[in-house]
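Residue numbering restarts at 1 for every chain, and letters A, B, ... go by the order of the sequence lines.
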2 protein chains.
Amino acid sequence: MVTIRDIAKKAGVSAMTVSRVINQSGNIKESTRKKVEKVIQEMNYIPNSAARSLTSKETKILGLLITDITNPLFTHVARGAEDKAREMGYRLLLSNTDGDLHKEADYLKFFLSTPVDGILFEACNDRSKENLNLLIEHDIPFVLLDRSVPGIHTDQVILDNRKGTFELMEHLIKQGHKKIALLQGPADISTARSRHEAYMKAMEKHALDINPHLMLAGDFTQNGGFQAVLRLLSLPDDEFPTAIFAANIFLAIGAIKCLRNQGYHIPDDVAVVCFDDVDPFTDLDPFLTVAAQPAYQFGYIGAQLLIERIENKAPQKPREVILAPEIIIRKSSLAPVRNVN
Amino acid sequence: MVTIRDIAKKAGVSAMTVSRVINQSGNIKESTRKKVEKVIQEMNYIPNSAARSLTSKETKILGLLITDITNPLFTHVARGAEDKAREMGYRLLLSNTDGDLHKEADYLKFFLSTPVDGILFEACNDRSKENLNLLIEHDIPFVLLDRSVPGIHTDQVILDNRKGTFELMEHLIKQGHKKIALLQGPADISTARSRHEAYMKAMEKHALDINPHLMLAGDFTQNGGFQAVLRLLSLPDDEFPTAIFAANIFLAIGAIKCLRNQGYHIPDDVAVVCFDDVDPFTDLDPFLTVAAQPAYQFGYIGAQLLIERIENKAPQKPREVILAPEIIIRKSSLAPVRNVN
DNA sequence: CCAAAAAATGTTATCAGTAACATTATTCAG
DNA sequence: CTGAATAATGTTACTGATAACATTTTTTGG
C-alpha cells in the first residue's frame, strides 16, 4: 500500500506538504504542487480514509435505514438520497429493517460503530424512540423520513397525509360514495394515524355515518388487506361498503385480490383508492387511484437536511418539511355508485 | 467520545486488556472480563471503527455499483446483496451509475478512497474494463453481476441469457409466429449480445427467415423501444412482424406504448415477450410474457462470492455462477397468430 | 539592501486501536 | 516447596493522515 510518506519521500518533500497538496490547504509553491501531484499520479496513490477519519472524525458516509428497499416507495427514496449525497460528496449505506424493531436496533448499533456521519431514518414505529435515543446519546445527527416519532424532535421530511387522505376521500364522496371502508395501517405508525384521523374528519365534514365495522385494522401488507376484506364480506349487505380507502398500496392490492376472488368487480362493485403509487416504469396499465408520494424528494431533501445538520449549517431548531401528495385518479375509483341505500 | 483508554482507566486495567475483551482474543480472567464488560456497558462505549480499520485494513463494507436502484431488477439485487452482507457481518454502500462510464469511474475512485473491502459490480458495458483494471491494480476484490466484461476474469454471477431467449422464442414459434422482431440492447453489453445471438440461433433452428429489418438496435430504454417500433411501422405490410422479442422490459414497454398509440392490440395484432419482470407486489395485472431473472439471487450469491473472496476462502480460480431465468407466460403472447403470410 | 511580513515547508505529537514483545501472576508436576 | 510452563496483563511502537507549532525561504516596503 502506498502511503503519504512514500509519496513524500519520492517527491523529496515532507508528508505534510503532500497532505497540503491533497487537501488544497495552506500555501504550496506551484512547482512543488506539480511535483507532488506527478508522484501521486505515478504511484497511483489514494489516501487512506481510515487514517483520515481517525483525525477528522468524519467519514462522508450516511446511513439509510428503511423498512425495505424493495418497496417502490423506498427505492425512490433511496435514489433521491443517493443523488443528493453524491452531489454533496457523501455516500450512502443501505439497510433494510423490515419494520422489525430488533433489526432496527441492531443496525443502529452497527451504525454507531461504523463510520457514519449521520442517518436517514424511516422509523419502524413509535417504539423506535428508544433506538433513536441511542443516536441522540451518541450525538449522531439523523433525519426522520416519512414517519415521525412522538417525543423525537429533529429534522424531518414527512408527507401531508391529511391532505392526501382528504382529497382521496372527497373524490370518493363526490362520486356519491357514502359507505366508505377504511383499511388502516398500524396504529403505532404516525402516517397510519394521520390517515385514520383524516378519514374521520372527511366523513364528519360530509356528515357521513362512521360505521366502526367499516374501519379495519391492518398492517400495511397485502395479507392485511386481504384479511380485512374477508371481514367486510361477512357484513350484512346493507353495511357492505361501496368504496374502500386503503392506507397504503399493499393493503389496497390485498383487498382487490380478495374482492376479485369473490367475484367482485372494481370499480363497478367497489371503488378502491389508496396511498402510494405503483412503479411507473413497468406497470403498463396503472389501475389504482392513489395519493402518490414524492418519494424521490423524501430522499433528496432528507439527505440535504441531514448533511446541513452534519456540517453545522443548519439552524439549531429542528426543521420540518411537509411534502404534498399527488392525487392520481384512475379506473379503480371511476364508476357510478351502485347499491346506495 | 469514549475511548478504549477511558474504559481501561475506569476498569483499572490496560487498554490492551480491554481490547482483548472486546475481540475475545488471548486469555482473560473471567473476573476481569466481567469487570471490563460492565464498564463498557456503563460508559456506552463503542469502538471506533476508523481506528480499527487503520490496523486491520478492513472495513466490513461492500460497495454495490449498479445502473439504477430504481430498476426493479436492481432493487431486488440490492436487497439480496444486503441480506447476505448482513448475515456475514458486512454492510452495503449503494451507488447508481445510470449506465454512465464516467459516473462509474468516479464512483470507483470514490470507493478506492473509501473504506470498501470489495465491490459488487454491474458493469456499464464492455468499456468498463478500464475502470475495473483500476480495481485490479489496487487489489480490491470484486464480483461481476449480471453483465460480464470481456477481458476481465473474476467471480461472476450471470444469467443464462441464451436459455431464456431460446425459451421465449420457442414459445412464440410454437404459437405459430414466423416474423419475429428483435428489439436489441446495446451491442457493447454482454447480456444484450447473448440475447441477440440466441435470437439468431432460435430463428435458424426453426428455419425461419432472419429479416434484418426486424432487428432493431435499442438501448434498454422505453424510448428505445418506442423508436424501434416506429421504424417497424414504416415497413411494408408483409414484412411487419407478428411478434416482438424485446431484450429487456423497458424496450418492451416502450414498444407496447408505441403500438397502442397506433391502434394496435397486444397480443391480437402483435405478441410481445421480453426479459425482466414487472414489480410483482404492485402490479395488479401483470400482462407481459417474460423471462424473469432471479434478481434477489444475483445479489445474494454475488455477496457471498465476494465475501468469500475477501476473506480468502475462495479458490484461486474465478468462479462463474449461471442462474436460470424463469419463463412466465402471460397475456401479451397469447393469441392466435394473425396475418401469417 | 535590510527588517518585517508573508509564504513555504518541516517536525512532532496525536487520533483510537492493536500487534508484538515484555512482564508479572498463577498453576502444576515432581 | 520449587522451578518450569502457562495464563494474565502490561508496555511500547506502529497504523496513515493531519493539527499545531516551528523553522526556513521568499517577498516586499521603506
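Residues from residues 31-39 of chain A lying near DNA chain C, meaning a heavy-atom separation below 4.0 Å, are A:Thr32 in numerical order.
Residues A:Ile61 and A:Tyr90 share a closest heavy-atom pair of N-CD2, 4.0 Å. Across every non-hydrogen atom of B:Gln156 and B:Leu305, the tightest pair is O-CD1, 4.2 Å.
Between A:Arg79 and A:Asp83, at least one side-chain N (NZ, or NE/NH1/NH2) sits under 4.0 Å from a carboxylate O, which counts as a salt bridge. Using a cutoff of 4.0 Å between basic side-chain nitrogens and carboxylate oxygens, B:Lys317 and B:Asp155 are not scored as salt-bridged.
Judged by distance alone, with hydrogens and angles left aside, the side-chain atoms of A:Ser19 form no donor-acceptor pair with the main-chain N or O of A:Ala15 at under 3.5 Å.
A sub-4.0 Å separation between OP1 or OP2 of C:dG10 and a side-chain N or O of A:Thr17 is present. For the pair A:Thr3 and D:dG16, the criterion of a side-chain N or O lying under 4.0 Å from OP1 or OP2 is not met.
The only member of A:Ile158, A:Leu323, A:Asp146, A:Thr191 that meets side chain to side chain contact (heavy atoms under 4.5 Å, CB included) when paired with A:Gln293 is A:Asp146. If you run side chain to side chain contact (heavy atoms under 4.5 Å, CB included) between B:Phe142 and each of B:Leu62, B:Leu65, B:Ile119, B:Val116, only B:Ile119 comes through.
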For nucleotides 18-20 of chain D, list the nitrogen or oxygen atoms of the protein found under 3.5 Å from its nitrogen or oxygen atoms, one pair per line.
from, atom 1, to, atom 2, distance (Å)
D:dT18, OP1, A:Asn23, ND2, 3.2
D:dT18, OP1, A:Arg52, NE, 3.0
D:dT18, OP2, A:Ser19, OG, 2.7
D:dT18, OP2, A:Asn23, ND2, 3.2

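End-to-end axis angle of the helix from C:dC1-D:dG30 to C:dG30-D:dC1, using five pairs per end and rounding to 10°, comes to 30°.
B:Glu104 places a side-chain heavy atom less than 4.5 Å from the side chain of B:Leu101.
Note on A:Asn27: a base of the nucleic acid sits closer than 4.0 angstrom, heavy atoms only.
If you take CD on A:Glu82 and CG on A:Leu92, they are separated by 6.5 Å, rounding to the nearest 0.5 Å.
Closest to the side chain of A:Leu54, from the set C:dG10, C:dG17, C:dC15, is C:dC15.
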